[in-house]
Structures are given as structure tokens and as C-alpha cells.
A.B. asks: 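One structure follows; several queries about it will come next.
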Amino acid sequence: MVLQREFFQRDTVIVAKDLLGKKLIRKIGNRKCSGIIIETEAYRASDDPASHAGIRKTKRNRIMFEQIGRAYVYFTYGMYHCLNVVARNKKFNAGAVLIRGIYPQLGIDIMSKLRNNTKIQNLTNGPGKLTQALDITLQENGDDLTKYSSLYITNGIKIKKIHKKPRIGISRGTDKEWNFSIDPTDYF
DNA sequence: GACACGATTGGCT
DNA sequence: GCCAATCGTGTCC
């Protein structure tokens, strides 16, 4: 069952936690690739100095201010893409959840080729890695993830324990513990 | 118009 | 553990 729009109409931090264990699905040609979401981070609005949306709406971050349930994809470090899902409640005018890691399920052969045949444990365990494995680029920026199409999220597995940490790779907003993850060895 | 830097990764020490 | 790769974007002059 694909996640409905209402799922994303809650506090960005809550949605980040609740996305753990859900299934990310990407169709490439007539094949399906998928994985269980195991790590996420919340990035909110003007209350969050680490967020792209922390200052104002710009050309790059505009999707974060638009319809919830859509993909916010950005290009970084001159070579990698990162995938977010737009989510926020009515208190904020922007927000998104960064998908930082998935546990591969379907289409491992396709993903391996896109990742130059790396080891399975290195396939999709990072934000730049999973977009490469799933062929996600700026082409997918703004795509609606609540519809069955070439990129969407469905219900997944039941979660036991959620780990909470400060977010990775940021220099501001380090006081907020908005990185959430589950331990794959608990499930797979 | 210029310039510093980043929600990263992989390779080397 | 450290650092280069690589370039679009945002901010500042």
C-alpha cells in the first residue's frame, strides 16, 4: 500500500522517524528495485539552521516549500544527488526528510551495475550511494511519491528500536538529534 | 560578477 | 583517520 499524502502532513521530525521500515520502490525499465528505509534525517524550516530551507525560498530548495509527499532531490559536492521527501505540519512553511540509507531487497543486480558492482553492504548505505543505485537525479526532483509510478514509498516492516543521533555532515544545528536509524541486524 | 563551500564518497596513509 | 575530487548554489562585494 503506497503511503498517502496525509502521512507526510505531520511534523517533519515525526515523519522522519515513521519512515524507518517503509519500502522505497524505484522502477527502472520494466524492472523494480527496492529497499527498506533504515536511516533518515529531518530538515525543517526557519527554526533549523542546518536546513536548506533555513533562510528563505530559493531556486534549489523551492520544492521543500511546495506540496508534501513529493521528492526533493538536490545535487551536492559536484557529483552526488540526495533524495528527500517533503513533509511538514501546518506550523512550518517548509520541511523534508533526507533518506540516508536503505536495505536492498529487489533488483540488486541492477543496483550493483549502477554502483559499479560494489559489495551489497556498500550498495545503498549512504544518501549519495542510494541515489546512484536507484538512478535518481534532478530528473526526479518534484516527483509525487504518493502515486504508483517510477518512484514511490509503501508500507514495510514493523520497527523495534529507533536510534537517535545528531545529523551527519552539518556545521550548524548540531544540537538537534534528528538523525534516525534502525539496526539491520535486528530484521534481516 | 566572484568565490567559498557543501545534508558525500572512496581511496590512501 | 585524512583528504582530494568536482561543480552548482547561495551569499557577498
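Convention: sequence-line order gives letters A, B, ...; per-chain numbering from 1.
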A.B. asks: Relative to the 5' end of DNA chain C, which residue comes earlier, Leu138(A) or Met79(A), by the nucleotide with the nearest heavy atom?
C.D. replies: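 Looking at the nearest nucleotide for each, Met79(A) comes out on the 5' side.
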A.B. asks: Which nucleotide sits closest to the side chain of Ile55(A): dT11(C), dG8(C), dG10(C)?
C.D. replies: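 When the side chain of Ile55(A) is considered, dT11(C) is the closest of dT11(C), dG8(C), dG10(C).
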A.B. asks: Considering only NZ, NE, NH1 and NH2 on the basic side and carboxylate oxygens on the acidic side, decide whether Asp11(A) and Arg44(A) come within less than 4.0 Å.
C.D. replies: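 Salt bridge between Asp11(A) and Arg44(A), a charged N being under 4.0 Å from a carboxylate O: yes.
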A.B. asks: For Asn89(A) and Gln9(A), test the side chains for any donor-to-acceptor distance below 3.5 angstrom and give the result as yes or no.
C.D. replies: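 The criterion, which ignores hydrogens and geometry beyond distance, is not satisfied for Gln9(A) and Asn89(A).
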A.B. asks: Measure the distance from CG on Leu130(A) to P on dT8(B) and round it to the nearest whole Å.
C.D. replies: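 Whole-Å distance recorded here is 12 Å.
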A.B. asks: Does the side chain of Thr76(A) get closer than 4.0 angstrom to OP1 or OP2 of dT8(B) through an N or O atom?
C.D. replies: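 Checking Thr76(A) against dT8(B): no side-chain N or O falls below 4.0 Å of OP1 or OP2.
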A.B. asks: With a 3.5 Å limit on both atom pairs, tell me what dA7(B) is paired to, counting Watson-Crick and G-U wobble, or say none.
C.D. replies: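 Pair assignment: dA7(B) / none.
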A.B. asks: For a quick check, tell me whether the side chain of Tyr77(A) and the base of dA5(C) share a donor-acceptor pair closer than 3.5 Å.
C.D. replies: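 Absent.
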A.B. asks: Rounded off to whole Å, could you give me the CZ-to-C1' distance for the Arg56(A) and dG10(C) pair?
C.D. replies: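 Rounded to whole Å, this separation is 8 Å.
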A.B. asks: Within less than 4.0 Å of OP1 or OP2 of dG8(C), is there a side-chain N or O belonging to Lys59(A)?
C.D. replies: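 Result: no.
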A.B. asks: Checking all strands, does Tyr80(A) fall into the base, sugar-phosphate, or nothing category for heavy-atom contacts under 4.0 angstrom?
C.D. replies: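 The residue Tyr80(A) makes base contact.
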A.B. asks: Check every strand shown and say whether Leu98(A) touches a base, only sugar-phosphate, or nothing at a heavy-atom separation below 4.0 Å.
C.D. replies: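 Since a base atom lies under 4.0 Å of Leu98(A), the category is base.
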A.B. asks: Centre of Phe7(A)'s six-membered ring, under 6.0 Å away, within 45 degrees of the axis: is that where NZ or CZ of Arg10(A) sits?
C.D. replies: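 Verdict for Phe7(A): a cation-pi partner in Arg10(A).
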A.B. asks: Taking a pair as Watson-Crick or G-U wobble with both distances under 3.5 Å, which nucleotide is matched to dT6(C)?
C.D. replies: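 Partner of dT6(C): none.
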A.B. asks: Provide, to the nearest angstrom, the distance between the CD1 atom belonging to Ile136(A) and the C1' atom belonging to dT8(B).
C.D. replies: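 That distance rounds to 16 Å.
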A.B. asks: Rounded to the Å, how far apart are Tyr72(A) OH and dT9(C) C1'?
C.D. replies: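 Nearest whole value for this atom pair: 10 Å.
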A.B. asks: Using the six-membered base ring of dA7(B), report whether Tyr43(A) stacks on it, requiring centroids under 5.5 Å and planes under 30° apart.
C.D. replies: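 Yes; by the centre-distance and plane-angle rule, Tyr43(A) counts as stacking on dA7(B).
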A.B. asks: Let's see if you can work this out: which of dG8(C), dG10(C), dA7(B) has an atom nearest to the side-chain heavy atoms of Phe75(A)?
C.D. replies: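 Taking heavy atoms from C-beta onward, the closest nucleotide is dG8(C).
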A.B. asks: Tell me whether the side-chain N/O atoms of Arg100(A) come closer than 4.0 Å to OP1 or OP2 in dT8(B).
C.D. replies: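 Answer yes for this pair, as a side-chain N or O of Arg100(A) is under 4.0 Å from OP1 or OP2.
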A.B. asks: At under 4.0 Å between heavy atoms, what does Arg167(A) touch on the DNA or RNA strands: base, sugar-phosphate, or nothing?
C.D. replies: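 It contacts nothing in the nucleic acid.
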A.B. asks: Taking only the P atom of each, what is the distance from dG11(B) to dG8(C) in whole angstrom?
C.D. replies: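 Result for the P pair: 23 Å, nearest Å.
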A.B. asks: Using the rule side-chain contact (heavy atoms from CB on, under 4.5 Å), only one of Leu24(A), Thr154(A), Ile25(A) pairs with Ser34(A); which is it?
C.D. replies: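 Going through Leu24(A), Thr154(A), Ile25(A) one by one, the side-chain contact (heavy atoms from CB on, under 4.5 Å) with Ser34(A) is satisfied by Ile25(A) alone.
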A.B. asks: What is the distance, rounded to the nearest whole Å, between atom NE2 of His52(A) and atom P of dC5(B)?
C.D. replies: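 In whole Å, dC5(B) P lies 16 Å from His52(A) NE2.
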A.B. asks: When the distance from CD1 of Ile63(A) to P of dA7(B) is rounded to whole Å, what number comes out?
C.D. replies: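 Result: 18 Å.
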A.B. asks: Which class fits the ring pair His81(A) and Phe75(A): parallel under 30°, tilted 30 to 60°, perpendicular over 60°?
C.D. replies: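 Plane angle between 30° and 60°, so tilted.
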A.B. asks: Mind checking the P distance from dC5(B) to dC3(C)? Whole angstroms is fine.
C.D. replies: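 The answer is 16 Å between these two P atoms.
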A.B. asks: Pick the closest DNA chain B nucleotide for Arg115(A) and for Met64(A) by heavy atoms, then say which residue is nearer the 5' end.
C.D. replies: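 Closest to the 5' end, via its nearest nucleotide, is Met64(A).
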A.B. asks: Distance check needed: dC7(C) C1' versus Tyr74(A) OH, whole Å only.
C.D. replies: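 Answer to the nearest Å: 15 Å.
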A.B. asks: From NE2 of His81(A) over to P of dT6(C), roughly how many Å is that when rounded to an integer?
C.D. replies: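 Computing the His81(A):NE2 to dT6(C):P distance gives 15 Å.
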A.B. asks: Salt bridge check: are Arg100(A) and Glu41(A) linked by an N-O gap of less than 4.0 Å?
C.D. replies: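 Salt bridge between Arg100(A) and Glu41(A), a charged N being under 4.0 Å from a carboxylate O: yes.
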